[in-house]
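We name chains A, B, ... by the order of the sequence lines, and we start the count at 1 in each one. These figures come from a predicted structure and were not determined experimentally.
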Amino acid sequence: MRLSQYPILTLKEVPADAEVVSHRLMLRAGMIRRLAAGMYTWLPLGLRTLRKVERIIREEMDRAGALELSMPTVQPAELWQESGRWNQFGPELLRFKDRHDREFAYGPTHEEVITDIARRELRSHKQLPVNFYQIQSKFRDEIRPRFGVMRAREFLMKDAYSFHVDEASLAEGYRQMHDAYTRIFTRLGLKFRAVQADSGSIGGNASQEFHVLADSGEDAIAFSDGDDYAANLEMAATLAPPGARAAPALPLTKVATPGARTIAELCRVLDVPPERCVKTLLVDGDDGGVVALILRGDHELNAVKAQKLPGVASPLRMAGAERVRAATGAEPGYLGPIGFGGKIYVDHAAACLADFVCGANEKDQHFTGANWGRDVGPPEARDLRNAIAGDPSPTGRGTLQIARGIEVGHIFQLGRKYSDAMNAAVLDDQGRSVTMYMGCYGIGVTRVVAAAIEQNHDANGIVWPQAIAPFQVVLVPLNYQKSEALRAAADALYRDFEAAGLEPLLDDRDARAGVKFADSELLGIPHRIVIGDRGLAAGLVEYRHRRDAAPTEVPLAEAVAFVRAKSTA
RNA sequence: CGGGGUGUAGCUCAGCCUGGUAGAGCACUACGUUCGGGACGUAGGAGUCGCAGGUUCAAAUCCUGUCACCCCGACCA
């Protein structure tokens with residue numbers, strides 16, 4: 001492409017509401033423009049990258065044997081009523097009516113539609129397993145769309161759905177998708193991790209998320225330095241500390257702690273470290289009462305783990321101040337296990353403490369020297385907390401590190417949730433009707449683009465991984481408008497690069513050198529060739545990779561071969 | 001959903017408190033100078049001041065309503 005023919009400009013300033021790097025750079029580079037909250041137009045430059053991501057995904061899905069199809073974005077309400085999600089889904093589902101007053105939704109996902117196809121078309125176990133996928137727009141009416149295309153309302157997603165006669169086949173299909181995803185993100189040139197994930201309300205046996213590692217990621221992931229264990233923080237198990245609990249050494253003593261409502265204040269008032277304190281959290285029970293959850297002072301509650309405990313309401317809700325008072329007679333800030341009458345769960349780390357500090361269920365009072373078994377019953381120990389860096393890996397090998405990640409893919413063994421609800425069955429080899437097992441596998445295509453930028457940028461702009469750069473090489477002729485010889489050389493080089501399939505972008509604008517340099521860096525094109533009168537007289541051009549600190553001189557005649565060698569290196 | 005904030009030129013913003021001819025920088029157009037790291041000069045085009053209603057001789061400015069957008073919160077024991 002010739003930049004003089006490209007009408008959409010790069011920007012020096014961006015709207016004040018663009019907060020994250022990828023959003024700012026995508027606006028500045030002229031990749032996207034906002035249409036409405038969470039909805040973006042992909043401009044020609046951005047679309048080139050998006051298409052490259054799509055192509056890699058498509059190639060690897062095809063290679064894994066998946067079959068591409070395309071389902072409508074708009075879906076009839078009946079299907080959603082049949083699966084039960086019309087009522088479950090809530091306001092994220094964009095609903096509307098057509099002129100005949102029939103209800104529809106803009107699809108946030110396509111389990112219902114594909115299950116409908118499967119039950120109509122699939123008759124025999126001989127047609128299984130099969131995996132259908134599409135790359136297509138979704139709409140989720142997010143509470144708070146933000147960060148540009150990272151959390152948009154309308155976005156492009158690759159969604160795949162597999163159908164199987166039994167669980168073993170599902171597990172095999174799932175494994176193949178795991179491998180395909182690994183190839184996809186490797187080819188995209190991204191640093192990523194597959195992590196164990198919460199299968200949440202959808203249920204099923206297994207679920208993994210694929211995260212692009214970036215400090216700006218919204219998710220915390222835990223991984224072991226001793227083996228390949230990796231999990232979303234909300235799923236990362238913590239182990240009970242080794243060894244037996246120490247015997248009580250101190251007497252139980254009630255101490256006045258006026259105003260010490262938080263662990264930090266308590267530690268200051270009593271001059272004890274937070275690891276010697278426990279905090280007591282009351283959450284709503286599923287029977288209308290409250291349940292006490294007890295953690296060591298320096299640990300955080302893990303809501304996903306907590307809401308799975310028997311007796312705890314799901315989703316997890318902290319008990320309101322009034323219920324706290326009714327259950328304990330005390331105010332939040334002074335709660336403790338001693339004298340508490342309800343159900344108590346204790347995190348492993350808190351359960352192995354001796355002579356700890358806890359609230360006395362009385363305003364401005366705490367206990368010191370508290371001990372399980374002596375002052376209160378033996379603890380019912382569970383894993384309740386978030387893992388922290390340095391915890392031993394739950395596999396027993398290595399210790400956990402915590403990193404930030406951007407979730408770009410998610411694979412699920414759905415089981416029979418939808419096939420049951422929608423009666424999708426085939427005949428097995430005995431002639432019996434069996435409900436199909438399903439898996440589903442998503443990749444946020446538009447989010448991948450943003451995540452790639454979050455992971456690959458510097459102060460001057462984007463630094464594209466080669467596989468998804470909109471152009472491979474940018475040609476920057478200086479004095480293109482005035483020097484006929486230089487223009488001829490630049491045009492010839494441009495044609496040579498095109499002929500070589502190296503996707504050149506020619507900056508033939510009548511602009512100053514600084515402007516061209518700055519824009520070439522902003523756009524993040526991997527290879528840059530600068531053509532100037534001085535070098536040209538000696539038959540030389542300058543080559544510089546986007547990651548290089550300094551340019552190298554290359555003979556004009558060898559420029560194409562040089563870039564080709566660099567791009568396959 | 002709760003709390004806070006913002007709507008003025010394509011973009012970033014000033015002007016509003018204290019009502020009186022709508023501004024700056026960037027971007028854009030033309031010409032000239034400049035020309036290997038985001039140039040300069042001159043001239044110019046461009047805004048129903050989000051929308052509706054009200055107060056007033058007079059509203060971007062004050063009042064009411066409305067729409068749009070943004071930020072924060074949903075771990076506190």
inquiry  = I need the single residue from A/Gln481, A/Lys516, A/Arg2 that forms a side-chain hydrogen bond (donor to acceptor under 3.5 Å, both in side chains) with A/Asp508. Which is it?
reply    = A/Arg2
key: Separation between the C1' atoms of B/rG19 and B/rC63, rounded to whole Å   = 13 Å
message = How many whole angstroms separate atom CG of A/Asp510 from atom C1' of B/rA39?
response = 13 Å
query = To the nearest Å, how far apart are A/Leu35 CG and B/rA68 C1'?
reply = 13 Å
task = Answer yes when A/Arg382 and A/Glu380 have at least one side-chain N-carboxylate O distance shorter than 4.0 Å, and no when they do not.
result = yes
Watson-Crick or G-U counterpart of B/rA77, or none if no pair lies under 3.5 Å = none
remark   = To the nearest angstrom, the CD-P distance between A/Glu218 and B/rA74 comes to 14 Å
key: Parallel, tilted or perpendicular, as decided by the 30° and 60° cut-offs, for the rings of A/Phe96 and A/Phe104   = parallel
query = Checking all strands, does A/Val476 fall into the base, sugar-phosphate, or nothing category for heavy-atom contacts under 4.0 angstrom?
reply = nothing
inquiry  = Any strand counts, and the cut-off is 3.5 Å on both contacts for Watson-Crick or G-U wobble. Which nucleotide pairs with B/rC69?
reply    = B/rG5
inquiry  = For a 4.5 angstrom cut-off between non-hydrogen side-chain atoms, does A/Leu384 reach A/Leu295?
reply    = yes
query = Counting side-chain heavy atoms from C-beta on, which of B/rG36, B/rA77, B/rG38 comes nearest to A/Arg28?
reply = B/rG38
key: Gap in Å between the two C1' atoms, one belonging to B/rG50 and one to B/rC31, rounded   = 38 Å
query = Can you tell me how far C1' of B/rA39 sits from CZ of A/Phe517, to the nearest Å?
reply = 15 Å
request  = Evaluate the criterion side chain to side chain donor-acceptor pair (under 3.5 Å) for residue pair A/Arg547 and A/Asn456; output intermediate values, then yes/no.
outcome  = CA-CA 10 Å; A/Arg547 293 186 192 276; A/Asn456 300 282; 3.3 Å; yes
query = Picking from B/rG38, B/rA77, B/rG36, which would you name as closest to the side chain of A/Ile263?
reply = B/rA77
request  = Describe the nucleic acid contact of A/Ala292 in one word from base, sugar-phosphate, nothing, applying a heavy-atom distance below 4.0 Å.
outcome  = nothing
request  = For A/Gln481 and B/rG36, give me the distance from atom CD to atom P, rounded to whole Å.
outcome  = 14 Å
remark   = Which of B/rA77, B/rG36, B/rA39 is nearest the side chain of A/Val515? It is B/rA39
query = What residue among A/Gln466, A/His545, A/Glu503 forms side-chain hydrogen bond (donor to acceptor under 3.5 Å, both in side chains) with A/His527?
reply = A/Gln466
ask   = Considering only the C1' atoms, how many Å lie between B/rC16 and B/rA60, rounded to the nearest integer?
value = 7 Å
query = What integer number of Å spans the C1' atoms of B/rC70 and B/rC75?
reply = 25 Å
query = If we ignore angles and hydrogens, is there a donor and acceptor under 3.5 Å between the side chains of A/Glu407 and A/His410?
reply = yes
Residues which pass ring-ring contact (aromatic ring centres under 6.0 Å, His included) with A/Trp372, listed by chain and number, not counting sequence neighbours = A/Phe356
ask   = For the side chain of A/Lys482, counting heavy atoms from C-beta on, which of B/rU34, B/rG36, B/rA77 is nearest?
value = B/rU34
query = Mind checking the C1' distance from B/rU42 to B/rG38? Whole angstroms is fine.
reply = 22 Å
key: Rounded interatomic separation in angstrom, taking CE from A/Met39 and C1' from B/rA68   = 14 Å
key: Pairing partner of B/rA60 (Watson-Crick or G-U wobble, both distances under 3.5 Å)   = none
Please tabulate the protein-to-nucleotide N/O contacts below 3.5 Å involving nucleotides 43-45 of chain B, giving atom names and distances.
none

task = Could you tell me whether the phosphate oxygens of B/rA77, OP1 or OP2, come under 4.0 Å of any side-chain nitrogen or oxygen in A/Arg261?
result = no
request  = Would you kindly check if the NZ (Lys) or CZ (Arg) of A/Arg140 is within the cone defined by 45 degrees around the ring axis of A/Phe155 and under 6.0 Å from the six-membered ring centre?
outcome  = no
message = Here's one to test your reading of the geometry: is the NZ or CZ of A/Lys482 within 45 degrees of the ring axis of A/Tyr480 and under 6.0 Å from its centre?
response = no
remark   = RNA chain B nearest-nucleotide lookup for A/Leu281 and A/Leu11: closer to the 5′ end is A/Leu11
note = On RNA chain B, more 5' by nearest nucleotide between A/Arg509 and A/Glu300 is A/Arg509
key: Donor-acceptor pair present, A/Arg544 side chain and B/rG36 base, under 3.5 Å   = no
Between the protein and nucleotides 70-73 of chain B, list every N/O to N/O distance that falls short of 3.5 Å.
from   : atom 1 : to       : atom 2 : distance (Å)
B/rC71 : OP1    : A/Glu19  : OE1    : 3.1
B/rC72 : OP2    : A/Arg144 : NH1    : 3.3
B/rC72 : OP2    : A/Arg144 : NH2    : 2.0

ask   = Would you say a side-chain N or O of A/Lys516 is under 4.0 Å from OP1 or OP2 of B/rG36?
value = no
ask   = In whole Å, what separates the C1' atom of B/rA14 from that of B/rU61?
value = 14 Å
inquiry  = Rounded to whole Å, how long is the line connecting atom CG of A/Asp364 with atom P of B/rA77?
reply    = 16 Å
request  = Measure from CD on A/Glu234 to C1' on B/rC75 and round the result to the nearest Å.
outcome  = 14 Å
query = Which nucleotide in the set B/rG38, B/rG36, B/rC75 lies at the smallest distance from any side-chain heavy atom of A/Lys12?
reply = B/rG38
query = Contact class for A/Arg24 (heavy atom, under 4.0 Å): base, sugar-phosphate, or nothing?
reply = nothing
request  = Go through the N and O atoms of the side chain of A/Arg528 and the base of B/rG36, and report whether any donor-acceptor pair is under 3.5 Å.
outcome  = no
ask   = What is the pairing partner of B/rG44, taking Watson-Crick or G-U wobble pairs with both distances under 3.5 Å in any strand?
value = B/rC28
message = Should the side chain of A/Asp533 and the base of B/rG36 be counted as holding a donor-acceptor pair, with the cut-off at 3.5 Å?
response = no
inquiry  = Whether A/Arg528 and A/Glu521 form a salt bridge (side-chain N of Lys/Arg under 4.0 Å from carboxylate O of Asp/Glu) is what I want to check.
reply    = yes
request  = Between B/rU34, B/rA77, B/rG36, spot the one nearest the side chain of A/Arg512, thanks.
outcome  = B/rU34
inquiry  = Need one value for A/Glu521: base, sugar-phosphate or nothing, where a base atom within 4.0 Å counts as base even if backbone is also close, heavy atoms only.
reply    = base
message = Here's one to test your reading of the geometry: is the NZ or CZ of A/Arg95 within 45 degrees of the ring axis of A/Trp86 and under 6.0 Å from its centre?
response = yes
